[in-house]
Engineer: 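Submitted below is the structure of interest, expressed as structure tokens.
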Amino acid sequence: MFYRCPKCGKKFKSGADTITDPAFGRCPDCGTEGELVGESGKVYPPDANEYEDTAD
């Protein structure tokens, strides 16, 4: 899932396999809940390569 942070503008990805993690969908830099901009397998954002993978 592709997210953009409304506070700092960071683009990042959170995998559906981490949905139970409290950090899921939250910006790795500032912790703000991200805005969903696309989903893997459905609608990719046009700049999908610019999103940081947050998986460990």
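This one's a predicted model, so the numbers in the text were calculated from it and none came from an experiment. Count residues from 1 along the sequence.
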Engineer: Restricting to non-hydrogen atoms, name the atom on G9 and the atom on R4 that form the minimum distance, rounded to 0.1 Å.
Structural biologist: O-CG, 3.9 Å
Engineer: Under the side-chain hydrogen bond (donor to acceptor under 3.5 Å, both in side chains) test, which residues partner D21, sequence neighbours left out?
Structural biologist: none
Engineer: Can you name the nearest heavy-atom pair linking C27 to C30, along with the distance?
Structural biologist: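 Reported closest heavy-atom pair: SG-N, 3.5 Å.
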Engineer: Partners of F12 by ring pair (Phe, Tyr, Trp, His ring centres under 6.0 Å), sequence neighbours excluded?
Structural biologist: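 Result, ring pair (Phe, Tyr, Trp, His ring centres under 6.0 Å) vs F12: Y3.
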Engineer: Please name the pair of heavy atoms, one in G34 and one in P6, separated by the smallest distance, quoted to 0.1 Å.
Structural biologist: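 The pair with the smallest heavy-atom distance is CA-CD, 4.1 Å.
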Engineer: Identify, with sequence neighbours excluded, every residue that meets side chain to side chain contact (heavy atoms under 4.5 Å, CB included) alongside E33.
Structural biologist: R26
Engineer: Quick one: pull up OG1 in T18 and CE in M1 and give me the separation to the nearest 0.5 Å.
Structural biologist: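 These two atoms lie 9.5 Å from each other.
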Engineer: Check side-chain hydrogen bond (donor to acceptor under 3.5 Å, both in side chains) between E50 and all other residues, then give those that pass, not counting sequence neighbours.
Structural biologist: K11
Engineer: Does anything in residues 20-40 pair up under ring-ring contact (aromatic ring centres under 6.0 Å, His included), and if so which pairs, sequence neighbours excluded?
Structural biologist: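 Passing the test, one end in residues 20-40: no pairs.
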